[in-house]
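Order of the sequence lines sets the chain letters (A, B, ...), proteins ahead of strands, with each chain counted from 1.
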Amino acid sequence: MKKNQIKTVKGFNEVLPPESFRWRLVEDKFRDLLEGYGFAELRLALLEPTELFARSIGGETDIVEKEMYTFSDRSDRSLTLRPEGTASVVRAFNQYSLGKINEINKLYYVGPMFRYERPQKGRYRQFHQLGAEVFGEESFFQDAETLLMLAQLFHTLSVEGVVLHLNSLGCELCRPTFRDQLKSFLLERQTSLCSDCQRRMQENPLRALDCKNPSCREAVVDAPQINQSLCDDCRQHFSGLCTLLDNAELDYQVNPKLVRGLDYYTRTTFEFLAGGLGAQNAVAAGGRYDRLVAELGGKMTPAFGFAIGFERLMMLAGDKLAPLSSPFVALVPLGEEALRLLFPLYMELNRSAKVATLNFQQKSLKSQLKKADRDGVKYTLIVGPDELAQGVAICRNMQTKEQTQLSFDKLGEALRELYHEY
RNA sequence: GUGGGUGUAGCUCAGUUGGUUAGAGCGCAGGAUUGUGGCUCCUGAGGCCGAGGGUUCGACCCCCUUUACUCACCCCA
């Protein structure tokens, strides 16, 4: 690395070939799957008014408190690079009155997110999420559809060892009761809690449940559990979902201590956890947020969504993907006249797919064959001075080493025939 | 924000208790009797040894500073 070499900003994650091919493979699988279930893509702004995130994610969350890329533009507006996707999708849902166009809206997005954190394995400052949101459907069937769809995605990508953790956080009727219960429980044990938990106890006591500090864990072992205080509707919603998952034979663990780092969730919350990702073990997470649309100024609209960490998904799926496809034939000219002859054929063959390679540098036959071999082509088409004189090209099968002669006027046709056979 | 580890070729890494031209494997380029790939062999290109300062006759090596990367805490996808 040279002294004055300009480099990427710390923690900004870039994807180069051949990794970028694998990314697109996975992204395509995601799109195909989601679109099969009636989701449509939303391409949204990366930059939002800071207020959007403070109001949606919650002012007391770590994301908003210390992890956002926030700055002022030239007109002194406070802007923030989006740290997650849901807030923007909800904003767009309200802004474009999508709820008035369709009763149910199923939307997905793919793209970069930004959080100012210390980078480590599976965690970057610019990272990528695949996410989806459903608006207007309150039924637990929706929760089940989405969770089962995610499980299908992992299955399609041969990702194994991913475990679904599930919980219900209740609704605006039953959660406050639980919050109060938990708060007084925590107050009694205040001295054994870490400073963060003590501080957040008032605003957001639920966070103490998934604190990783050992003494906090100890202290909350016997904490009241949310599933004990769910109201009837929430209880039925959750058990309805569980039954559907059972029937579909999807394994899951109910984890009463699973709360999420974002404040907007209600009822169902979940995480898909995987080993092999270092300390960052959540590959996908999400849940239901029935009040957020209204809180951001829209009509009361139930919603359910999730986000997948793309880099984390790739760590799990990356090396199990199909190998990259090779071009079919290497055109091998010897001399400029042969190059001129093969060039139009090359342009013709690649018109709709990667079929042929052609080197413009007049390299030796040996080195062109070597390159063709490395590229994994099935055939090479050799044209040198001798062939030019006879009006034929040598077609060499790289596996069998068989060589046949093709006359110039039938080259394109003959190659297309071979290509279709293969 | 807090700790630990590591910075030597495009990649993965050796290296000398401080001593002359800093090495290997992979990769890349060329070659091994005329125009035929993989295996093998040969050759070559490519490094101011992360940066700055200090100690020394002399520093890739020792000391200080700094920076980047990395892992973990925290938090999250």
Side-chain angles (χ1 to χ4, degrees), chain A residues 1-5 7-13 16 57 60-68 82-86 110-131 150 162 194-197 200 207 210-214 216 258-262 270-274 277-287 305-316 330 332-335 338 361 363-388 394-403:
Chain A
M1 188 68 69
K2 289 209 180 103
K3 212 194 220 169
N4 293 322
Q5 182 67 262
K7 300 194 297 180
T8 47
V9 173
K10 182 191 187 81
F12 274 55
N13 182 38
L16 276 48
I57 299 172
E60 292 297 312
T61 59
D62 280 22
I63 292 177
V64 172
E65 278 178 354
K66 52 187 192 192
E67 292 176 1
M68 295 205 304
R82 63 180 188 188
E84 60 114 32
T86 300
V110 172
M113 306 293 163
F114 306 86
R115 291 184 199 173
Y116 195 90
E117 300 176 273
R118 200 71 172 265
Q120 64 182 270
K121 188 181 178 75
R123 195 179 74 183
Y124 311 94
R125 290 184 172 184
Q126 175 177 318
F127 62 104
H128 298 78
Q129 288 188 338
L130 307 167
L150 272 171
V162 178
C194 69
S195 54
D196 278 339
C197 285
R200 283 190 302 230
R207 300 308 307 282
D210 72 344
C211 184
K212 284 173 186 152
N213 185 304
C216 294
L258 172 67
V259 301
R260 307 278 311 129
L262 293 73
F270 69 91
E271 291 181 349
F272 281 92
L273 302 181
L277 293 178
Q280 273 59 50
N281 60 355
V283 62
F306 68 85
I308 303 170
F310 207 145
E311 285 83 357
R312 294 180 187 180
L313 183 62
M314 291 309 298
M315 278 193 265
L316 297 171
V332 178
L334 301 171
Q361 291 174 23
K363 299 218 184 199
S364 70
L365 176 57
K366 182 202 259 297
S367 90
Q368 292 199 61
L369 283 178
K370 201 184 235 179
K371 181 81 168 91
D373 183 54
R374 274 200 301 258
D375 287 343
V377 302
K378 293 285 179 294
Y379 290 90
T380 48
L381 195 74
I382 302 167
V383 178
D386 296 352
E387 288 72 28
L388 282 172
I394 296 175
C395 182
R396 176 180 176 84
N397 182 316
M398 294 299 273
Q399 273 119 55
T400 65
K401 302 187 182 185
E402 283 174 301
Q403 299 194 160

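Between the CZ atom in A/F114 and the OH atom in A/Y124 there is a gap of 15.0 Å [rounded to 0.5 Å]. Here the OH-CD distance, from A/Y379 to A/Q399, works out to 8.0 Å after rounding to the nearest 0.5 Å. Within the model, atoms CG of A/L313 and CD1 of A/I308 stand 6.0 Å from one another, a figure rounded to the nearest 0.5 Å. Annotation: the span from A/Q403 atom CD to A/T380 atom OG1 amounts to 7.0 Å, rounded to 0.5 Å. The NZ atom of A/K10 sits 8.0 Å away from the OH atom of A/Y116 when rounded to the nearest 0.5 Å.
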All N/O contacts under 3.5 Å from nucleotides 3-5 of chain B to the protein, with atom names and distances to one decimal?
none

Give every pair of a protein N or O atom and an N or O atom of nucleotides 29-33 of chain B that lie under 3.5 Å apart, one pair per line with the distance.
| residue | atom | partner | partner atom | Å |
| --- | --- | --- | --- | --- |
| B/A29 | OP2 | A/R374 | NH2 | 3.0 |
| B/G30 | OP1 | A/K363 | NZ | 3.4 |

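Within the structure, salt bridge (charged side-chain N to carboxylate O under 4.0 Å, His left out) pairs that include any residue of residues 372-384 of chain A comprise A/K371-A/D375 (at least two apart or interchain).
The separation of B/G38 from B/U6, taken at their P atoms, amounts to 42 Å, rounded to a whole angstrom. The gap from the C1' atom of B/U56 to that of B/G19 amounts to 12 Å, rounded to the nearest Å. Rounded to whole Å, the separation between the P atoms of B/U21 and B/C28 comes to 32 Å. Distance noted for atom P between B/U20 and B/G25: 22 Å (whole Å). With both ends at atom P, the span from B/C71 to B/U36 equals 49 Å, rounded to whole Å. Distance check on atom C1': B/A14 versus B/C60 gives 13 Å, rounded to whole Å. B/A72 and B/G27 have their C1' atoms separated by 33 Å, with the value rounded to a whole Å. Between the C1' atoms of B/G1 and B/C48, the separation comes to 36 Å (whole Å).
Taking 4.0 angstrom as the limit, A/K10 places a side-chain polar atom (N or O) nearer than this to OP1 or OP2 of B/C69. An OP1 or OP2 oxygen of B/A72 is reached within less than 4.0 angstrom by a side-chain nitrogen or oxygen of A/Q120.
Here the shortest heavy-atom pairing between A/L334 and A/Q368 reads CD2-NE2, 4.1 Å. Taking both residues in full, the closest heavy atoms of A/A338 and A/L388 are given as N-CD1, 3.9 Å, listed atom of the first, atom of the second, then distance. Looking at every heavy atom in both residues, A/E84 comes nearest to A/Q129 through CA-OE1, 4.2 Å. Heavy atoms only, all atoms of each residue included: A/M68 and A/P83 are closest at SD-CG, 3.9 Å. Pairing each heavy atom of A/F270 with each of A/G305, the nearest pair is CE2-O, 4.0 Å. Between A/R125 and A/P119 the shortest heavy-atom distance is NE-CD, 4.1 Å.
By the ring-ring contact (aromatic ring centres under 6.0 Å, His included) test, A/F310 is found to be paired with A/W23, residues two or more places apart in sequence or in another chain being considered.
A/A282 comes within 4.0 angstrom of sugar-phosphate atoms only, judged by non-hydrogen atoms across all strands, and of no base. In this structure, A/G131 reaches neither bases nor backbone, as no heavy-atom distance under 4.0 Å exists between it and the strands shown. Looking at heavy-atom distances under 4.0 Å, A/Q361 makes no contact with the nucleic acid at all. Using a 4.0 Å heavy-atom cutoff across all strands shown, A/Q368 reaches no nucleic acid atom at all. Across all strands shown, A/D375 has no heavy atoms under 4.0 Å from either base or sugar-phosphate atoms. Contacts of A/P83 with the nucleic acid, taken as non-hydrogen atoms under 4.0 Å apart, are absent. Contacts of A/I394 with the nucleic acid, taken as non-hydrogen atoms under 4.0 Å apart, include base atoms. Using a 4.0 Å heavy-atom distance criterion, A/F272 is classed as making no nucleic acid contact.
Remark: ring of A/F127 overlaps the six-membered base ring of B/A77 in a stacked fashion, centroids less than 5.5 Å apart, planes less than 30° apart.
Taking atom CZ of A/R82 as the reference point, atom C1' of B/C76 lies 17 Å away to the nearest angstrom. Taking atom NZ of A/K66 as the reference point, atom P of B/U2 lies 12 Å away to the nearest angstrom. Regarding A/R123, its CZ atom lies at a distance of 12 Å from the P atom of B/A77, rounded to whole Å. One interatomic measurement links the two molecules: CZ of A/R125 to C1' of B/C69, which rounds to 13 Å at whole-angstrom precision. When the P atom of B/G38 is taken as reference, atom OH of A/Y379 falls 21 Å away, rounded to whole Å. Look at CZ on A/R396: it is 7 Å from C1' on B/G37, rounded to the nearest Å. The interatomic distance linking A/E271 (CD) with B/C76 (C1') rounds to 9 Å, in whole Å. The interatomic distance linking A/M315 (CE) with B/C76 (P) rounds to 18 Å, in whole Å.
Counting distance only, with no hydrogens placed and no angle test, the side-chain atoms of A/E117 and the base atoms of B/G1 include no donor-acceptor pair under 3.5 Å.
Here the side chain of A/R312 pairs no donor or acceptor atom with the backbone of A/R123 at under 3.5 angstrom.
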Sugar-phosphate or base contact per nucleotide [nucleotides 41-46 of chain B; S, B, -; heavy atom under 4.0 Å]: ------
Give the intermediate values and the outcome of side-chain contact (heavy atoms from CB on, under 4.5 Å) for residues A/E402 and A/R396. CA-CA 6 Å; A/E402 283 174 301; A/R396 176 180 176 84; over 6 Å; no
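A/I394 pairs in a side-chain contact (heavy atoms from CB on, under 4.5 Å) with only one of the listed residues (A/D386, A/V383, A/I382), which is A/I382.
Both A/E311 and A/P119 lie close to RNA chain B; mapped to their nearest nucleotides by heavy-atom distance, the more 5′-ward contact belongs to A/P119.
Side-chain proximity of A/L365 to B/G35, B/C73, B/A72: nearest is B/G35. Here the side chain of A/D62 is nearest to one of B/C74, B/G35, B/A77, namely B/C74. Side-chain atoms of A/R115 lie closest to B/C76 of the nucleotides B/C76, B/U70, B/C75.
Stem regions annotated for RNA chain B: B:1-7 with B:67-73, B:10-13 with B:23-26, B:28-32 with B:40-44, B:50-54 with B:62-66, counting only runs of 3 or more consecutive pairs of Watson-Crick or G-U type with both contacts under 3.5 Å.
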